[in-house]
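One structure below.
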Amino acid sequence: MTYDAQNIFAKILRGEIPGEKILETNHAISFNDISPKAKVHVLVIPKGAYLDIYDFNKNASQAETVDFWRCVNLTIEKFEIEKLGFQIKAHKGETGGQEVFHFHIHILSND
Ligand code: AMP
């Protein structure tokens with residue numbers, strides 16, 4: 001599968017459709033999941049065009065990788081869930097439950 005620039009998260013990144021943005025770093029943004037499965041359910045995505053977690057881990061630069069995880073922690077701190085605990089999920093491929101083919105992780109609070 002190749003990256004499709006018309007995917008919904010690419011459209012959010014380009015500002016073509018609205019997203020409830022939480023924060024932005026140099027190479028990543030976080031925004032609320034449209035269909036939350038927990039009190040806090042946020043998605044973090046790189047700004048770069050990566051299909052999934054495997055593609056990102058294989059091809060992202062060190063700067064993108066470091067900044068992505070910095071965005072994850074800043075988002076966690078924004079919701080003050082670092083002490084409460086949380087889950088991180090990443091789906092890879094249709095058989096792995098992935099619906100949107102722009103790499104993202106889910107941050108879900110434990111409530
Ligand atoms: P995944 O199964 O990991 O690909 O999850 C895709 C996630 O994107 C789902 O949890 C959806 O609720 C979420 N989603 C789909 N469209 C939007 C959107 N426009 N804004 C925010 N989240 C979305």
Side-chain angles (χ1 to χ4, degrees):
M1 181 187 262
T2 52
Y3 184 85
D4 176 4
Q6 294 310 312
N7 77 74
I8 199 110
F9 294 169
K11 288 181 179 176
I12 289 175
L13 277 169
R14 292 195 296 267
E16 290 169 13
I17 62 163
E20 271 184 54
K21 200 194 279 185
I22 306 300
L23 58 86
E24 177 169 2
T25 56
N26 285 345
H27 297 286
I29 65 166
S30 58
F31 53 96
N32 283 322
D33 194 292
I34 205 166
S35 170
K37 307 277 188 305
K39 208 160 161 186
V40 175
H41 185 173
V42 181
L43 304 172
V44 184
I45 67 173
K47 292 180 184 174
Y50 298 102
L51 259 182
D52 54 41
I53 191 166
Y54 180 80
D55 184 25
F56 184 74
N57 287 347
K58 201 173 170 97
N59 296 311
S61 68
Q62 194 175 7
E64 287 176 301
T65 302
V66 169
D67 184 77
F68 177 81
W69 291 107
R70 183 168 159 267
C71 189
V72 171
N73 258 22
L74 289 173
T75 302
I76 286 162
E77 287 165 2
K78 184 137 191 169
F79 287 100
E80 301 180 333
I81 55 171
E82 64 272 26
K83 290 199 174 71
L84 176 70
F86 51 84
Q87 296 174 50
I88 299 273
K89 286 189 187 169
H91 299 122
K92 196 274 184 244
E94 270 177 47
T95 53
Q98 187 173 0
E99 291 171 4
V100 180
F101 290 88
H102 179 110
F103 169 48
H104 55 281
I105 62 151
H106 300 248
I107 303 172
L108 295 134
S109 59
N110 288 324
D111 50 24

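Ligands are counted one by one from 1 in listed order, and the atoms in each one are counted from 1 as well. These numbers come from a predicted model, not from an experiment. Residue numbers start at 1 and run along the sequence shown.
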### Query
Which one of D33, N32, L23 satisfies the side-chain contact (heavy atoms from CB on, under 4.5 Å) criterion with V42?
N32
### Member of L13, I12, D4, D55 meeting the side-chain contact (heavy atoms from CB on, under 4.5 Å) criterion with H102
L13
Check ligand 1 against [X] and write out every atom of the ligand that is under 4.0 Å from a heavy-atom position of the residue.
| X | answer |
| --- | --- |
| H91 | 1 (P), 2 (O), 3 (O) |
| N32 | 21 (C) |
| E99 | 1 (P), 2 (O), 4 (O) |
| L43 | 8 (O), 22 (N) |
| S35 | 12 (O) |
| D33 | 7 (C), 8 (O), 9 (C), 10 (O), 11 (C), 12 (O), 13 (C), 22 (N) |
| H106 | 1 (P), 3 (O), 5 (O), 7 (C), 10 (O) |

### Query
Any heavy atom of F31 sitting closer than 4.0 Å to ligand 1?
yes
### Task
Measure the distances from the heavy atoms of G97 to every atom of ligand 1 and state whether one is below 4.0 angstrom.
yes
### E64 CD to T25 OG1 distance, which is reported to the nearest 0.5 Å
10.5 Å
### Query
Which is it for F68 and F56 under the ring pair (Phe, Tyr, Trp, His ring centres under 6.0 Å) test, yes or no, and what are the steps along the way?
CA-CA 10 Å; F68 177 81; F56 184 74; 5.2 Å; yes
### Minimum non-hydrogen distance to atom 16 (N) of ligand 1, winning option of I105, D52, I34
I34
### Query
Under 6.0 Å between the ring centres of H106 and H91?
yes
### Query
Is the centre of the F103 ring less than 6.0 Å from the centre of the Y54 ring?
no
### Query
In the protein, what heavy atom is nearest to atom 8 (O) of ligand 1, and what distance, to one decimal place, separates them?
F9 CZ, 3.4 Å
### Task
Just need the protein heavy atom nearest to atom 1 (P) of ligand 1, so name the residue and atom and give the distance.
H104 NE2, 3.1 Å
### Query
Is atom CD of Q62 surrounded by more than 12 heavy atoms (other residues, nucleotides or ligands) closer than 6.0 Å?
no
### Within-cut-off N or O pair, Q98 and ligand 1, under 3.5 Å
no
